[in-house]
Amino acid sequence: MLDNLQLIDERILFFIQNNLKTPALDHVMVVLTSLGNGGALWICIAVILIFSKHRQKSGVILLSAIFAAMFLGDDVLKPLIGRIRPCDKFPEVEQLLVIHSPSFPSGHAMVGFASATVLFYYYRRCGIIAYLMASLIAFSRLYFFVHYPSDLLGGLILGVFTALLTILLLSLIYQRIEKLHRKFLP
C-alpha cells in the first residue's frame, strides 16, 4: 500500500514538473512559498489580532496553534518519520529550492491549515481566504519538488487537528480565567 502511495505521489509531482512549471509561475511560487517560511504570514496575522482591542483572544489562540503545529511537525514528527524529500530522491530534477530535512509532514501545510482553521473558527470570511492562501502555499511546495502530495495531506490533517485541539484547550483556559476574574474582581 505504501508503495502505491509513493507511486501516486511521484506521478503527481512529475506531472506538475512536466506540465505546469513556467518561468513566470516560478516567480509567483517563490513569493507564495516565502509567505509560509517560518509561518511568517500567519505570525503577522496573529500579531495584528493580538494588538487589536477586541481580538486578542483569537490572536493568542492563533499564535499558540502556529507554534504547536511547528513543534509537532518539525521537532517531533519529521525526525521520527524521516521521509526523504523528493528533491533528495530525484537529484536529477532541476531544483529552484533545495531542502535537506525530512519531508513528512509539510510544515508549510501544517502551519497554514492550523492557522486557517483558527481564523475560520473566529472569522468565517477571513478563514475562507486563509484556507485558499494555505492551499496555494502548500501547492508551492509541490511545485518546487520539496514535498510529496501525501506530505501536504498529512500536514493539512495534522494542522486542522492541532488547531481544533488548541482552540478547545485555550478556550477552556480562557473560561476559567474569566470565571476567576468575575469571582475576585466584580
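The structure displayed is predicted, hence computed values, not measured ones.
Within the 4.5 Å cutoff, the side chain of Ile45 has heavy atoms near those of the Trp42 side chain. Residues His108 and Leu32 have side chains not in contact (no heavy-atom distance under 4.5 Å, counting atoms from C-beta outward). Between Arg85 and Pro102, every side-chain heavy-atom pair lies at or beyond the 4.5 Å cut-off. In this structure, Leu20 and Phe139 have side chains that are in contact, with non-hydrogen atoms separated by less than 4.5 Å. In this structure, the side chains of Leu13 and Val93 stay at 4.5 Å or more apart for every pair of heavy atoms. Contact annotation: the side chain of Glu10 approaches that of Tyr148 to within less than 4.5 Å [non-hydrogen atoms, C-beta and beyond].
Residues Ile137 and Met70 fall within the same hydrophobic cluster, defined by Ile, Leu, Val, Met, Phe, Trp and Tyr side chains chained together at heavy-atom separations under 4.5 Å. Ile81 and Ile99 fall into different hydrophobic clusters, where Ile, Leu, Val, Met, Phe, Trp and Tyr are joined by side-chain heavy atoms under 4.5 Å apart, directly or via other members. There is a path of hydrophobic side-chain contacts, each under 4.5 Å, that joins Ile173 to Ile50. Cluster annotation: Val28 is connected to Phe144 through the hydrophobic network of ILVMFWY side chains, with a link wherever side-chain heavy atoms come within less than 4.5 Å. Under the 4.5 Å side-chain heavy-atom criterion for grouping Ile, Leu, Val, Met, Phe, Trp and Tyr, Leu132 is connected to Leu41 within one hydrophobic cluster.
Rounded to the nearest 0.5 angstrom, Asp74 CG and Ser101 OG are separated by 7.5 Å. Note that the CG atom of Leu153 and the CG atom of Leu158 stand 9.5 Å from one another [nearest 0.5 Å]. The structure places CG of Leu170 at 11.0 Å from CG of Leu62, a figure rounded to the nearest 0.5 Å. Note that CG of Leu156 is 11.0 Å distant from CE of Met110, once rounded to the nearest 0.5 Å. Rounding to the nearest 0.5 angstrom, the gap separating the CZ atom in Phe145 from the CG atom in Leu96 is 12.0 Å. Annotation: the span from Leu25 atom CG to Tyr143 atom OH amounts to 4.0 Å, rounded to 0.5 Å.
Of all heavy-atom pairs spanning Gly59 and Leu49, the tightest one is CA-CB, 3.6 Å. In plain terms, the two heavy atoms of Cys87 and Val146 that are nearest each other are SG-CG1, 4.1 Å. Contact record, Ala65 with Ala163: CB-CA, 4.3 Å, taken as the closest heavy-atom pair. The two atoms that bring Leu77 and Pro105 nearest to each other are CB-CD, 3.7 Å, heavy atoms only. Heavy-atom minimum distance, Ile12 versus Pro149: CG2-CG, 3.6 Å.
Put simply, the side chain of His147 never gets that close to the backbone of Phe104: no donor and acceptor are under 3.5 Å apart.
Scored by the side-chain contact (heavy atoms from CB on, under 4.5 Å) test, Phe161 finds Leu165 as partners (sequence neighbours excluded).
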Checklist line | Full working for side-chain contact (heavy atoms from CB on, under 4.5 Å) between Asn37 and Ser34 | finding: CA-CA 5 Å; Asn37 290 347; Ser34 296; 4.1 Å; yes
Note to self: Determine whether Leu164 and Leu168 satisfy the following criterion, side-chain contact (heavy atoms from CB on, under 4.5 Å), listing intermediate values before the conclusion.
What the structure shows: CA-CA 6 Å; Leu164 294 174; Leu168 175 68; over 6 Å; no
Next item on the list: I would like to know whether Met29 and Leu136 meet side-chain contact (heavy atoms from CB on, under 4.5 Å); could you show each step before the answer?
Entry: CA-CA 9 Å; Met29 292 297 162; Leu136 291 171; over 6 Å; no
Next item on the list: Verify side-chain contact (heavy atoms from CB on, under 4.5 Å) between Leu172 and Gln175, making sure each step is shown before the conclusion.
Entry: CA-CA 5 Å; Leu172 290 171; Gln175 286 174 2; 3.9 Å; yes
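Counting only residues at least two apart or on different chains, the side-chain hydrogen bond (donor to acceptor under 3.5 Å, both in side chains) pairs with a member in residues 43-68 are Ser58-Tyr123.
A salt bridge does not link Asp9 to Lys89: none of the charged nitrogens lies less than 4.0 Å from a carboxylate oxygen.
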Would you be so kind as to tabulate the donor-acceptor pairs closer than 3.5 Å made by side chains of residues 112-122, with sequence neighbours excluded?
residue	atom	partner	partner atom	Å
Ser115	OG	Val111	O	2.8
Thr117	OG1	Phe113	O	2.7
Thr117	OG1	Tyr131	OH	2.9

